[in-house]
Amino acid sequence: MRNQKALNINFVNISQFKSILALYLFTLGTCLLGFSAYLMLASFGYSSNNLTSWSGQSLFWGFIFFFGSLFILFFPIEFLNFFKLVNKTFVELISNILFTILISIIFLVLFQIFIPNSLSIFQEVGDLFKATSFAGFIIVPISLFTLNYLAARYNFFDNFGFSLILIIWIFGTLFFV
């Protein structure tokens, strides 16, 4: 009995969870910031597809979503404060993929429950939030796997993994919009 070794795998690492949550919130804030810019441009007549009935309403919602996106972007900087994606071993890869899928599921369910579909603007925001979660289901796990493979061979991918996954997640969200 003394010679038996226990298999000890530290599967839950809070810093990995915080980095994936920060990636999700940065992506969500960036998408909301882009949507607020779209609404502000629509209020000045630069868009043919109007989501609102008059330009003042577009400007109002543009400012609301602008400040909401600033709050979402502020949250990971001040409270999570971990911007390094650790993705070197197979256990870290699997935990990052599971954390990404778990966070995406949680936020997808929350947004389905709490965002009303009464206005066309809320439908568009709900679609943005769903696209962010769907990118977290499909594109980000594939990218994490690829990043794990490339980081073993090139230091560039290990040093800039957080930024690369953030850019991939943002463009993946655009793919699902």
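One distance of note links OG of Ser36 with CZ of Phe63; it measures 9.5 Å at 0.5 Å rounding. The CD1 atom of Ile20 lies 10.5 Å from the CG atom of Leu98; values are rounded to the nearest 0.5 Å. With rounding to the nearest 0.5 Å, the separation of CD1 in Ile170 from CG in Leu28 is 10.5 Å. Put simply, CG on Asn87 and OG on Ser95 are 8.0 Å apart, with the number rounded to the nearest 0.5 Å. Taken to the nearest 0.5 Å, the CD1 atom of Ile168 stands 11.0 Å off from the OG atom of Ser163. For the atom pair Leu39 CG and Leu59 CG, the distance stands at 9.5 Å (nearest 0.5 Å).
With sequence neighbours left out, the ring pair (Phe, Tyr, Trp, His ring centres under 6.0 Å) criterion links Phe44 to no other residue. Under the ring pair (Phe, Tyr, Trp, His ring centres under 6.0 Å) criterion, Phe60 pairs with no residue at all, not counting sequence neighbours.
At least one side-chain heavy atom of Ser19 sits less than 4.5 Å from a side-chain heavy atom of Phe162. Looking only at side-chain heavy atoms (C-beta outward), Phe176 and Asp127 stay at 4.5 Å or farther from each other. Contact check for Leu23 versus Val140: no side-chain heavy atoms found under the 4.5 Å cut-off. Between Leu73 and Leu25 the shortest side-chain heavy-atom distance does not fall below 4.5 Å. Using a 4.5 Å cut-off on side-chain heavy atoms (C-beta onward), Cys31 and Thr132 make contact. The side-chain heavy atoms of Glu92 and Thr89, taken from C-beta on, include a pair separated by under 4.5 Å. In this structure, the side chains of Leu85 and Leu147 come closer than 4.5 Å at one or more pairs of heavy atoms.
A chain of hydrophobic side-chain contacts below 4.5 Å, direct or via other Ile, Leu, Val, Met, Phe, Trp or Tyr residues, connects Tyr149 to Ile138. Side-chain heavy atoms closer than 4.5 Å link hydrophobic residues (I, L, V, M, F, W, Y) into clusters, and following such links, even through other members, never connects Leu33 to Ile167. Linking Ile, Leu, Val, Met, Phe, Trp and Tyr residues whenever their side-chain heavy atoms come within less than 4.5 Å leaves Phe171 and Phe175 in two separate clusters. Ile72 is connected to Phe122 through a chain of hydrophobic side-chain contacts under 4.5 Å among Ile, Leu, Val, Met, Phe, Trp and Tyr, so both are in one cluster. If you chain together hydrophobic residues whose side chains sit under 4.5 Å apart, Phe75 and Ile64 fall into the same group.
The local environment of CZ in Phe145 is sparse, with at most 12 non-hydrogen atoms from other residues, nucleotides or ligands closer than 6.0 Å.
Nearest heavy-atom pair, Ala131 versus Val177, reported as atom, atom and distance to 0.1 Å: CB-CG2, 3.8 Å. Contact detail for Leu144 and Leu93: the closest heavy-atom pair is O-CD1, 3.4 Å. Between Gly136 and Ser104, the shortest heavy-atom contact is CA-OG, 3.4 Å. Heavy-atom minimum distance, Ala135 versus Thr173: CB-N, 3.8 Å. The minimum heavy-atom distance linking Gln16 with Val86 is given by the pair NE2-O, 3.4 Å.
For Phe26 and Trp169, the distance between ring centers is not under 6.0 angstrom. Aromatic pair Phe129/Phe107: centroids not less than 6.0 angstrom apart. In this structure, the ring of Phe35 has its center no less than 6.0 angstrom from the ring center of Trp61. In this structure, Phe65 has its ring center no closer than 6.0 Å to that of Tyr38.
Side-chain atoms of Tyr24 and Thr100 form no donor-acceptor pair, as typed in the model, at a separation below 3.5 Å.
Legend: salt bridge (Lys or Arg N to Asp or Glu O under 4.0 Å) pairs involving residues 80-89, not counting sequence neighbours, sorted by first then second residue: Lys88-Asp158.
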